[in-house]
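Contents: one structure, followed by commentary.
Keep in mind that what you see is a predicted model, and the values were worked out from it rather than measured. So you know, we letter chains A, B, ... as the sequences are listed, proteins then strands, and number each from 1.
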There are 2 protein chains.
Amino acid sequence: MIIRQLVERQHSRGVTLVNSRLMHFVGFFLFAYFSLNFASIVRAQEKGPLPVMPLPAHVVQGEGEFPIDGNFGVTLKGYKEARLERARQRFLDTLSRETGIPLWREAIHNQPHFIVQTAGPSAAVQQLGEDESYHLEISATDVQLTAPNPIGVLRGLQTFLQLVRITPKGFSVPVVTIDDKPRFPWRGLLIDSGHRFVPVPAIKRNLDGMEAVKLNVFHWRFADNQGFHIESKEFPLLQEKGSGGYYYTQDEVRGVIAYARDRGMRVVPEFDMPCHTTSWFMGYPDLASRQDPSQSSAINPARESTYKFLDRFIGEMAALFPDSYFHAGGDECDVKEWEENPRIQDFMRAHGIKDGVALQEVFTSRIQKIIEGLKRTMMGWDEILQPNTPKNVVIHSWRGPDSLAEAARRGYRGVLSSGYYIDLNQSAAEHYQVDPLGAAAASLTSDQKARVLGGEATMWTDIVSDENMDNRIWPRTAAIAERLWYPQQVQDIDSMYQRLAIVSEKLGYYGPRHRLITDEMLQRMSGEPDPVPLRVLASVVQPPKLYERQKLRAFTDFTPLNRLDDAVPPESATAREFEALAKQIASGKAMPEDWRQAREWLVLWRDNDAKLQPLLSRSFLTQDLAPVSRNLSQVAEIGLRTLDDLHENRLVDARLRQQNIEFLKSSAQPQAVLLLMVAPSVELLVEATRTK
Amino acid sequence: MIIRQLVERQHSRGVTLVNSRLMHFVGFFLFAYFSLNFASIVRAQEKGPLPVMPLPAHVVQGEGEFPIDGNFGVTLKGYKEARLERARQRFLDTLSRETGIPLWREAIHNQPHFIVQTAGPSAAVQQLGEDESYHLEISATDVQLTAPNPIGVLRGLQTFLQLVRITPKGFSVPVVTIDDKPRFPWRGLLIDSGHRFVPVPAIKRNLDGMEAVKLNVFHWRFADNQGFHIESKEFPLLQEKGSGGYYYTQDEVRGVIAYARDRGMRVVPEFDMPCHTTSWFMGYPDLASRQDPSQSSAINPARESTYKFLDRFIGEMAALFPDSYFHAGGDECDVKEWEENPRIQDFMRAHGIKDGVALQEVFTSRIQKIIEGLKRTMMGWDEILQPNTPKNVVIHSWRGPDSLAEAARRGYRGVLSSGYYIDLNQSAAEHYQVDPLGAAAASLTSDQKARVLGGEATMWTDIVSDENMDNRIWPRTAAIAERLWYPQQVQDIDSMYQRLAIVSEKLGYYGPRHRLITDEMLQRMSGEPDPVPLRVLASVVQPPKLYERQKLRAFTDFTPLNRLDDAVPPESATAREFEALAKQIASGKAMPEDWRQAREWLVLWRDNDAKLQPLLSRSFLTQDLAPVSRNLSQVAEIGLRTLDDLHENRLVDARLRQQNIEFLKSSAQPQAVLLLMVAPSVELLVEATRTK
């Protein structure tokens, strides 16, 4: 059955993508755009791994399939609770969306063949390290999902949903037996509601995505210099003066916490102190280290009133957030504010505090005691790790795996975020290769390794809005989720990308809007309902990585994020696929089909500029793309000529070759805050030519 | 400024859509798919009418534009209430979505140049006939919106949003002065939550769409034979036994009513009685006319206990719904149930009731008194109009304008829905040409005409789900909304379609999902992330109109609505545009560009089958499309040959010509519950050829 389907797919691929130039373009261009092509699926299935993310720890595949039709239903057995009933209902709702089959009345009409057996409850407040294992057994006639607690059930239901596919006979899942559990107990996503407010619906749809890839910690950061976005009843001026009117009410926060618990996720709040806190001072200027609170970003650690305030405030927030961990930030303190304040200097002298770093340690120690007094464990960024930091504090590493390993050696538990900064536009492959137990941590003892709890992807919103956030988070966060779930050894980047493409499509059913965003933004930018040539350009450019983008474009808190570098995904799938083709051709291993495919892409890109230019000039948001579009055309022109040279084994003029290489190198430089991702691949081709 | 932009657009159209075959295809195909092309926009702007729907009653266009940038803000002056503040905030949120400019902090930072002046309050509960007028004056530097009450403000804000466009200088609205008010006071949309439950988010996003086109009545129908989908606290078995677990809580209903009021809309509830009521009997079998309640759809009007029940039930619902009107249904009673029940027959004899129709009149009269006792006005379908019906009852006409006119003559007020059944897949043009004061109503006196209150589009859910509902409602309902708002004389179908295309795109920012649904459903049907050849086929087929579809496919309450006739919009814009081309060519008026365009489309369709067939065979949801796809290919083949004949002025063989006509006629017949919409246009071409 499966084999036949594969053959059909392969056949179709030939017809759809190769035989017709027209369809080839449309197919490939749009596929690439949405990060998927038939070939990938075929390869993924031939190689064997289930097309799911994260990969389950143990899989035994069988023959045949279990059908999903109007008779589908789920029965809950064993331990019962309302959360399980809601999970069952959500599962059926999602399956209805995936299939279009109305399953919502199944309880009345069906004799379910899907049995969920839950042994017992999980903790009243989800704890770090709770059992998330499950056993999923799919035969041609029955499905058994068993788990020690509801969290394992949630994980197993998500695996099932990802297995659903359409066939000539109907919707079905393959026969398979899965035993699964995570590698790390802390698998998180940070959403930064401090820089820019993120409305609750955007939070929730991303929690839905997190559930799908089995993440279990939502790290929610509420404040930064730019804004204070949560309601305090103790200190209402925090939100009244610091939020611009946009903040989460405590009821909304409780709603999100309940929403997360329903999905097997903890919610760890972060209030970053003592720095990044300008917004706090709008309502409470006495907290500031500088006279002018709007010019101050650091809390004054020298006043006793500061601690009185924070004692009450942290108490209020700990009552709101039931999680055992409380993140107090602590990163990037500019000690200058303290050095310039004579009263703080007096305080430091009086207490023998030698410098700003030592002063922050004093502050952190006070905060840690407040948090401990509330029966919570403090967590903080790298900087809070100082000589006298209590051993139960959890270190959150943004500096890198070395500092995390160092902390583990010294006896501290830690969570890695360095390498998982999804706001920095790195590739899924780059993130995938970062391992919390890689680099310096690889040499830790097993006791030390056990202190490395896992990792967190970080969605900072300095230059990302709630509109384009989903396309930064997804699908790449699924690769990070797999890294944190599946045993360490998996390093197959190709398999990861193949499965990522399939999961990316599935995520559309679960909540995230990442597959819709680019199109919507291109429509807005151009004022056209379907700006095809702009989409062609968009499919081969990327925003620059790391902090390059901020150097090329001035961002303030009020900068509209509506340009092409905001709209395109961080990773061009088209460029990645073209690079693979170029490598095949350059190494002499290309098939005739590869040649044809490369040529057709290059023709498309060469001819696109003539269609795109008039469109660009009509909108102020696209005018600066004119040189990028021209470059694409010229790069493609060089590529086409080079393909001919290679194909005919022609010897090329050395000077022209060098000129082309230089032009391609310069075309690979950022322009309009964008990188033309196909230029380096064309350079590969040119470098494969031989000179006269 | 505007002129220059037009020229650029026209130029671009040439480049984008004509010069390249490749882009032409993609452009036109996708444009058509989304019901918009450049040409339409150009024509709309050249002709003058603002690209908004409904057209405002009085417009004076000026020169220049008012820019929308980060300095944009709105100040409310005059009468104040929380609803206006929320409207202002929603307006800014929507404008932010339309532009990508973060306007949410504008209150702090800007000196608004947009002044809203409200004279006074509207009624505490929105009333039929309340003033909805507004005056909107846009200069290059300032915007003034004045209205007698908040409802007029809401209308004016929507007009402003529809005027926003992107230009080479930035986002802006044109300089214009508008005086506007509606033609009819009752402009509604019925959503049927009786046949299939429609979740609250789907209701709300369609209320957002209604607000955008200035509808003011949400007619919400809660029950039918299939389900009873609202909570009754007096009779909880109604929802417990009759809803399959899916019903609106009273809190949710209050939430929707508040949501509608915020958008200047009344909510009129409908509880259809005494028929279509099987679901009521699941919990309360004593209400039924038959022994077996599951086989009964009519309430027993002969028992006094029925009226006790309904008195309490209607009392509860009237307390929940503040609107002055209460819709009690009354349609399509099958009197057989009463004739077969001996006790009901006894009752009729005892009271001298001659037949079922008279018995329904007795029932209706009792219900009318209950409703009147609750200080509500009863509304009901055509059937409730009987010799003794009280004059204040409002007649809701599903039978047609003649019965509405007859009611008006007899002194009854009425609302038209016949002709506005958007579930029946008619064209926007067909709906647009239906006028509540057209047909027989045209001859009414002006007093009688005043009794015709307006109309309601009806979204029945017998064979529409909450998934594809938006694509049945939008954009066609905007055409009905214009008919009900703008003075009677407008009959320009071309202008309507041009503006409809623009408004359709705008609606995407406001809430409705109609532009996303088809794509999502095609992806699901095919199991492919971007099934291009299936999309080509989808762009030229339509579900059959009126009740034809139900004859071709067996539907039950549980039928998955996930096939191509569910997925495609009711109206193929591509087919409509191709028809216009065919008419030009057949009449000898075509330009060379028209010939080229027709040819390219036909080539696309001819070649599509080879790409589509392998894809169709892979999914059980697409297998039956194989003959439709083949037909498209053959129709296109005939079209191409005919284009050559016409172009070369060739005389064709009479027998072959006749064979082709017959084939085209048979291809225009439904197949796989779909109509191939381009076949009749190709037939037009063949008929334009001359025989040897």
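A donor-acceptor pair is defined here as one N or O able to donate and one able to accept, closer than 3.5 Å; such a pair exists between the side chain of B:Thr461 and the backbone of B:Arg196. A donor-acceptor contact shorter than 3.5 Å links the side chain of A:Arg97 to the backbone of A:Tyr509.
Contact of A:Thr99 with chain B is made through the backbone alone, with heavy-atom distances under 4.5 Å. For A:Met525, the part lying under 4.5 angstrom from a heavy atom of chain B is the backbone only. In this structure, chain B has no heavy atom under 4.5 Å from any part of A:Gln613.
A:Thr559 approaches A:Ala554 most closely through the heavy-atom pair OG1-O, 3.9 Å. Contact between A:Pro102 and B:Phe558 at its shortest, heavy atoms only, is CG-O, 3.5 Å.
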